[in-house]
Amino acid sequence: MYDIRSLDANEFIDHAEIMSSLEEGKKAALNRAVVESILEKAASYQGLTHREAAALLYVEDKEILERMYALARKIKEHIYGRRIVMFAPLYLSDYCVNNCRYCGFHASNRTVRRRLSQEELREEVLALEKLGHKRLLLEAGEDDKNCPIDYILECMRTIYDTKLHNGSIRRVNVDIAATTAENYRKLKEAGLGTYILFQETYHKPTYEFMHKGGPKADYEWHTEAMDRGMLHGGLDDVGIGALFGLYDWHYEVMGLLMHAEHLEAVAGVGPHTISFPRLLPAEGVDYSAYKLVNDSDFKHLIAVTRLAVPYTGMILTTRESAEFRRELLDIGMSQMSAGSCVGVGGYAHPGREVPGEAPQFRLADERKPEDVLKGLVRDGYLPSFCTACYRSGRTGDRFMPLAKSGEISNCCQPNALLTFKEYLLDYADGELKALGERMIETEVGQIARESIRVRTLDYLKRLEAGERDLRF
């Protein structure tokens, strides 16, 4: 039944193929020569098939695990360098008609619901711009009556039109429910960056159990969303992910990798990003029967994913603690949120509580963006607010060859330096400025191509003179 090119979700995410891959993977993990050959292939930046990755999911030897972690870091740095892209989620509405058992927004949860007016949205955007953010991820529950697609489009226009001094939002990514090809075209025309949709779980019986009501309960409609968007809706960059903790994590990794293989086969482009949310407590949710993932297994599955899909951006959320995020950054993550609020209207009025209102889940890392950046720089990472690829047309099938070859680093490193310099000039305190300027000086000296290095130095001087938004 397994057919990588089929547009039927039950065929490209085939249960029998996943179970067979995992069974063979258990056996292969015991064969040192097989594991060594898989690691050798990964080290050549070719990526891995889902069956090859299955073997690495069952590796228990500590020495091999440490090699996997080191290799994951090497692969990420080969393609993207030490830069970490920063973003913030922005919740527009918590109205939702779905009854997802794990989510604080589920329809039967008796909380106060609201959506942002356009004036409230402007306040949120201004607050985010004061924090230095350039890239947002829009979030909203599914409710065509209270949060229709026209409202999302209006919000995107408002966000792009709202500017404060040197602050502006340059890229709007959107994470909303699976929709029609026509609506995907509308999002693209409105300036969509990446369309993101988490599968939650690839295990169909668990999916159907977890989604007990609402449009999201339709497994096929949800799983085939990226096909509609990329093949018929004009989308070029999409992001996928699983909510780890709903079902066995080995199975979910197989589903993610098979989904990535499928998108590359039918659309010519794999996922631009893969996100790694892990189940956290939420209001009105009992997690006692869930398959929660411990820290060591979570680290293991992230490393294997990086080896399997070296080209993709990998996103780390504020669901994880500051200490654990630091550890996970070391094994191949390339994007992270900072200063996140997961309720509606929390940036403009931090700390304000609305009686009866609840966030989608509880955060583990509540540091301010500036403190996150200081931690990154001290650990040798280069914070990036870059949105250049999206606005220069390096998306979809133009982006992927550059990422797979590692040549994208010729743009990523200088663009990261320029956007970080903007942040230092416009938002940073004295401590971060000192840390950041030392890092920029060091990083510029490491740019291999002289022409790029010279141009970067010129752009840095122009930023100091007052120009903004210079990019490669």
Answer yes or no for Lys130 and Tyr427: cation-pi contact, defined as NZ/CZ to six-membered ring centre under 6.0 Å and angle to ring axis within 45°.
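No, cation not above the ring by the 6.0 Å, 45° rule.
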
Using a 6.0 Å distance limit plus a 45 degree cone around the ring axis, check whether Arg135 lies over the aromatic ring of Phe385.
no

Run the side-chain hydrogen bond (donor to acceptor under 3.5 Å, both in side chains) test on Asn183 and Arg185 for me, step by step, so that the C-alpha distance in whole Å, both residues' side-chain angles and the decisive distance to 0.1 Å come before the verdict.
CA-CA 5 Å; Asn183 285 343; Arg185 282 193 293 272; over 6 Å; no

Counting N and O atoms only, with roles assigned by atom type, does the side chain of [X] sit under 3.5 Å from a partner on the main chain of [Y], one being a donor and the other an acceptor?
X      : Y      : answer
Asn415 : Cys411 : yes
Asn294 : Ser296 : yes
Ser409 : Cys412 : no
Glu124 : Tyr347 : yes
His222 : Phe198 : yes
Ser392 : Cys389 : no
Arg171 : Leu136 : no
Glu261 : His50  : yes
Asp61  : Glu63  : yes
Thr312 : Pro271 : yes

Grab the two heavy atoms, one from [X] and one from [Y], that are nearest each other, plus how far apart they are.
X      : Y      : result
Met439 : Pro383 : SD-CD, 4.3 Å
Ser93  : Val344 : C-CG2, 3.8 Å
Leu246 : Tyr290 : CD2-CE2, 3.6 Å
Ala428 : Lys433 : O-CE, 3.4 Å
Ile176 : Leu197 : O-CD1, 3.5 Å

Between [Y] and [X], does any NZ, NE, NH1 or NH2 come within less than 4.0 Å of an OD or OE carboxylate oxygen?
X      : Y      : result
Arg170 : Glu422 : yes
Asp426 : Arg468 : yes
Glu437 : Lys421 : yes
Lys163 : Glu129 : no
Arg471 : Asp469 : yes
Asp458 : Arg462 : yes
Arg278 : Glu320 : yes

Side-chain contact, heavy-atom cut-off 4.5 Å: [X] with [Y]?
X      : Y      : answer
Tyr91  : Leu138 : no
Leu329 : Leu376 : yes
Ile196 : Val238 : no
Arg325 : Thr317 : no
Thr158 : Arg122 : yes
Leu307 : Lys41  : no

Run Glu142 and Lys216 through salt bridge (Lys or Arg N to Asp or Glu O under 4.0 Å) and show every step you take.
CA-CA 8 Å; Glu142 183 171 10; Lys216 194 171 179 177; over 6 Å; no

Residue pair [X] / [Y], side-chain donor-acceptor N/O under 3.5 Å:
X      : Y      : answer
Thr201 : Glu252 : yes
Ser334 : Arg83  : no
Gln199 : His259 : no
Asp237 : Thr395 : no
Tyr195 : Tyr184 : yes

Classify the ring geometry of Phe298 against Phe276: parallel below 30°, tilted from 30° to 60°, perpendicular beyond 60°.
perpendicular

Please state whether the rings of His300 and Trp249 are parallel, tilted or perpendicular, taking 30° and 60° as the class boundaries.
tilted

So which pairs with a foot in residues 156-178 pass ring pair (Phe, Tyr, Trp, His ring centres under 6.0 Å), sequence neighbours left out?
none

Where at least one partner belongs to residues 391-418, residue pairs that pass ring pair (Phe, Tyr, Trp, His ring centres under 6.0 Å), sequence neighbours excluded:
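The answer is His272-Phe399.
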
Should Glu77 and Arg73 be marked as a salt bridge (Lys or Arg N to Asp or Glu O under 4.0 Å) after you check the CA-CA gap, both sets of side-chain angles, and the distance that decides it?
CA-CA 6 Å; Glu77 292 185 4; Arg73 176 175 177 172; 3.1 Å; yes

Might you work through the side chain to side chain contact (heavy atoms under 4.5 Å, CB included) test for Leu57 and Met254, ending with a clear yes or no?
CA-CA 10 Å; Leu57 292 178; Met254 287 295 97; 3.8 Å; yes

For Asp227, check side-chain hydrogen bond (donor to acceptor under 3.5 Å, both in side chains) against everything at least two apart and list the hits.
His262

Donor-acceptor list for residues 441-450 side chains, cut-off 3.5 Å, not counting sequence neighbours:
{"unit_1": "Thr442", "atom_1": "OG1", "unit_2": "Arg438", "atom_2": "O", "d": "3.1"}
{"unit_1": "Glu443", "atom_1": "OE1", "unit_2": "Gln413", "atom_2": "NE2", "d": "3.1"}

Is Lys291 atom NZ crowded by more than 12 heavy atoms from other residues, nucleotides or ligands, each under 6.0 Å away?
no

Arg326 atom CZ, neighbour heavy-atom count above 12 within 6.0 Å
no

Salt bridge (Lys or Arg N to Asp or Glu O under 4.0 Å): which pairs involve residues 396-408, sequence neighbours left out?
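Checked against salt bridge (Lys or Arg N to Asp or Glu O under 4.0 Å) - neighbours excluded - the pairs reaching residues 396-408 are Glu264-Lys404.
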
Determine whether Asp365 and Ser321 satisfy the following criterion, side chain to side chain contact (heavy atoms under 4.5 Å, CB included), listing intermediate values before the conclusion.
CA-CA 5 Å; Asp365 185 353; Ser321 69; over 6 Å; no

Test salt bridge (Lys or Arg N to Asp or Glu O under 4.0 Å) applied to Lys374 - qualifying residues, sequence neighbours left out
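Checked Lys374 against salt bridge (Lys or Arg N to Asp or Glu O under 4.0 Å); matches are Asp429, Glu431.
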
